[in-house]
Amino acid sequence: MRKVVSALGWIFVVLTMFSIIITVFSTYMYGRQVNYFTSYNALQVCLGVTMVTWAIKMCIDKKERAENALYCVLCTLIACGAMVFLYIGVY
């Protein structure tokens, strides 16, 4: 379970990085525009999914380090903030 969540966490980090790059290029019209990435909705979804995955990872690993409980809460707050901004239409 721990290895699966860790692998998913890193996969979502890579997807979020690609989402950032494509969003910046599409927003500022460098190269080809991808319609889904012209707003920040895709980036906010990727950020939310990544932070939820890392929060789960930190909750699983909280027995190893005491700070992981704090990191779990912070990742959850970041994910909730991204989803709130997505819901109210801030981009």
Side-chain angles (χ1 to χ4, degrees):
M1 177 75 177
R2 182 180 292 182
K3 289 184 180 183
V4 171
V5 172
S6 181
L8 280 175
W10 285 109
I11 289 170
F12 286 132
V13 165
V14 170
L15 290 175
T16 302
M17 288 179 6
F18 282 132
S19 175
I20 289 170
I21 292 167
I22 294 170
T23 301
V24 168
F25 285 159
S26 292
T27 302
Y28 296 110
M29 292 183 240
Y30 296 124
R32 185 171 182 257
Q33 271 191 308
V34 180
N35 288 337
Y36 190 69
F37 291 99
T38 54
S39 67
Y40 291 96
N41 292 338
L43 180 60
Q44 289 174 336
V45 169
C46 286
L47 181 68
V49 170
T50 302
M51 288 294 117
V52 166
T53 307
W54 277 88
I56 292 169
K57 181 182 181 302
M58 293 298 165
C59 286
I60 291 172
D61 292 340
K62 70 182 172 185
K63 294 178 183 173
E64 292 178 9
R65 294 178 53 194
E67 301 93 39
N68 284 351
L70 174 66
Y71 298 152
C72 177
V73 171
L74 289 176
C75 286
T76 304
L77 289 175
I78 291 171
C80 289
M83 291 301 109
V84 165
F85 286 138
L86 181 66
Y87 179 71
I88 61 176
V90 175
Y91 48 123

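None of these values were measured; they are calculated from a predicted model.
Pairs of residues two or more places apart, or lying in two chains, never qualify as salt bridge (charged side-chain N to carboxylate O under 4.0 Å, His left out) while including a residue from residues 73-87. The list of salt bridge (charged side-chain N to carboxylate O under 4.0 Å, His left out) pairs with a residue in residues 16-30, not counting sequence neighbours, is empty.
Looking at residues two or more places apart in sequence or on another chain, you find a disulfide (SG to SG under 2.5 Å) between Cys72 and Cys59. Thr16 is linked by a side-chain hydrogen bond (donor to acceptor under 3.5 Å, both in side chains) to Thr50, counting only residues two or more places apart in sequence or in another chain. In this structure, the side chain to side chain contact (heavy atoms under 4.5 Å, CB included) partners of Val73, at least two apart in sequence or on a different chain, are Leu77.
For the atom pair CG (Leu74) and OH (Tyr71), the distance works out to 8.5 Å, reported to the nearest 0.5 Å. Here the straight-line distance linking atom OG1 of Thr53 with atom CH2 of Trp10 works out to 12.5 Å at 0.5 Å rounding. Separation of atoms CD1 (Ile20) and CE (Met17) is listed at 8.0 Å; rounding is to 0.5 Å.
At a threshold of 4.5 Å between side-chain heavy atoms, the hydrophobic network of Ile, Leu, Val, Met, Phe, Trp and Tyr places Leu8 and Val49 in one connected group.
For the pair Cys75 and Trp54, the tightest heavy-atom approach, listed with the atom from each and the gap, is SG-CB, 4.1 Å. Counting all heavy atoms, side chain and backbone alike, Gln44 lies closest to Met83 at O-CE, 3.3 Å.
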**OP:** With side-chain contact (heavy atoms from CB on, under 4.5 Å) as the test, would you mind laying out the steps for Val84 and Tyr87 before giving the verdict?
**Re:** CA-CA 5 Å; Val84 165; Tyr87 179 71; 5.6 Å; no
Donor-acceptor pairs are to be reported for all side-chain atoms of residues 21-28 against protein atoms at under 3.5 Å, with residues two or more places apart or in another chain.
from, atom 1, to, atom 2, distance (Å)
Thr23, OG1, Ser19, O, 2.6
Ser26, OG, Ile22, O, 3.0
Ser26, OG, Val34, N, 3.3
Thr27, OG1, Thr23, O, 2.6

